[in-house]
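From a predicted model like this one, the values you see are computed outputs, not experimental measurements.
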Amino acid sequence: MSRSWQRFRTRAAAARLHLDLTTLSVCGAYPGSDLVGKGWSSSRTVQQVRVLAASNSTGVPLYVRPHPGSAAELTCLGQAMDDRLRQVA
């Protein structure tokens with residue numbers, strides 16, 4: 001298979017992405033952690049890590065990155081777009 005065909009297939013597979021931002025709740029003390037932070041659930045304040053994942057239409061993950069538990073959704077999405085633009089440039 002030619003290199004240009006492989007690039008086309010990769011782009012076609014990633015033409016439509018599903019984004020999922022989820023939280024992983026943790027217990028215990030994590031002093032000095034860059035990821036575990038205070039977050040908010042519907043019922044209480046929790047210690048958590050946020051995870052942003054992007055997958056193609058078949059469910060194959062193309063991007064998975066952890067973010068601080070206290071990060072806002074738009075911050076996580078903005079950072080992911082900045083990371084991707086740096087990779088392309």
Side-chain angles (χ1 to χ4, degrees):
M1 193 179 308
S2 74
R3 188 169 172 85
S4 60
W5 176 248
Q6 288 174 341
R7 277 186 289 189
F8 172 77
R9 278 189 29 191
T10 301
R11 288 182 185 152
R16 185 174 185 160
L17 295 177
H18 171 79
L19 293 176
D20 180 38
L21 181 64
T22 191
T23 58
L24 304 173
S25 297
V26 297
C27 297
Y30 295 88
S33 173
D34 291 335
L35 289 176
V36 176
K38 185 169 87 171
W40 299 267
S41 72
S42 58
S43 61
R44 59 185 157 68
T45 302
V46 296
Q47 291 287 99
Q48 65 184 19
V49 175
R50 300 196 85 168
V51 179
L52 177 67
S55 57
N56 65 13
S57 59
T58 61
V60 175
L62 303 173
Y63 179 93
V64 178
R65 297 290 186 279
H67 293 272
S70 59
E73 289 181 21
L74 290 178
T75 302
C76 298
L77 292 173
Q79 185 178 3
M81 288 190 290
D82 286 346
D83 291 347
R84 183 64 184 133
L85 288 174
R86 277 191 219 104
Q87 291 174 354
V88 173

Which atoms form the tightest heavy-atom contact between [X] and [Y], and what is the distance?
X	Y	answer
E73	L21	CG-CD2, 3.4 Å
L35	H67	CD2-C, 3.8 Å
G39	T45	O-CG2, 3.3 Å

Shared ILVMFWY cluster between [X] and [Y], side chains joined below 4.5 angstrom?
X	Y	answer
L62	V51	no
V49	Y30	yes
Y63	L19	yes

Once rounded to the nearest 0.5 Å, what's the spacing between atom CZ of R65 and atom CG of D83?
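The CG atom of D83 is 6.5 Å from CZ of R65, to the nearest 0.5 Å.
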
Does a donor on one side chain and an acceptor on the other come within less than 3.5 Å for N56 and T58?
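There is such a pair (donor and acceptor under 3.5 Å, judged by atom type) between the side chains of N56 and T58.
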
Between the main-chain N or O of C76 and the side-chain N or O of R50, is there a donor-acceptor pair closer than 3.5 Å?
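No.
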
Quick check: does any side chain N or O of Q47 sit under 3.5 Å from a backbone N or O of V26, one acting as donor and the other as acceptor?
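No: the side chain of Q47 does not pair with the backbone of V26.
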
Is it true that, when you exclude D82 itself, more than 12 heavy atoms of the residues, nucleotides or ligands shown sit nearer than 6.0 Å to its CG?
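Atom CG in D82 is packed in, count exceeds 12.
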
